[in-house]
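Everything on this sheet refers to the single structure shown next.
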Amino acid sequence: MITQFTADTVMLASKNFSAGWFAWIVIGGLAGWVASKIMGTDKSQGFILNIVVGCIGGWLGGYILRLFDVQTGNLGWFLTFVTALVGACILLFIVKLVTGRKGDRVG
C-alpha cells in the first residue's frame, strides 16, 4: 500500500514538474563538477564554484548552439546536461588560458 502511494506520488510530481531555478542549479552543479574533473581543476574549486561554472557553462553552450541555429529549448535533460558540460569545459579552458594555470598538481 505504501509502495503504491509512493509510486503514484512520484508519477504525479514528475508529470507537473518543469525546469525551474533549482533544477538548473542541480544540472549546473553536476556539469561544473564533471567539467572540473575533466579539465583537472577540481581540487582548486569548491562546491559553489562548480555550480557557478556549470550554470555559466550552460549559458555559454546554449549561446554557441544558437549561433548554429540549434534550438536548445526542447533538447531534454540529458542533452541540456551535455550542453552545460561542454560549455563549462570551454569556460574552464578559457580561464586556464587567461590565468596561465596548468591545473592541480599531484604530489
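This is a predicted model, so every value here is computed, not measured.
A distance of 15.5 Å separates OG1 of Thr83 from OH of Tyr63, quoted to the nearest 0.5 Å. If you take CG on Leu30 and CG on Leu85, they are separated by 10.0 Å, rounding to the nearest 0.5 Å. To the nearest 0.5 Å, the span separating CD1 on Ile94 from CG on Leu97 amounts to 7.5 Å. Interatomic distance, CG of Leu79 versus CG of Leu65, reported as 9.5 Å (0.5 Å rounding). A distance of 9.5 Å separates CE of Met39 from CG of Leu91, quoted to the nearest 0.5 Å.
When side chains are defined from C-beta on, Ile90 counts as touching Ile64, because their heavy atoms get closer than 4.5 Å. With contacts defined as side-chain heavy-atom distances shorter than 4.5 Å, the pair Phe81/Val34 qualifies.
The heavy-atom pair separating Ala88 from Gly54 by the smallest distance is CB-CA, 4.3 Å.
Of the candidates Val53, Leu49, Asn50, Asn50 is the only one forming a side-chain contact (heavy atoms from CB on, under 4.5 Å) with Ser36.
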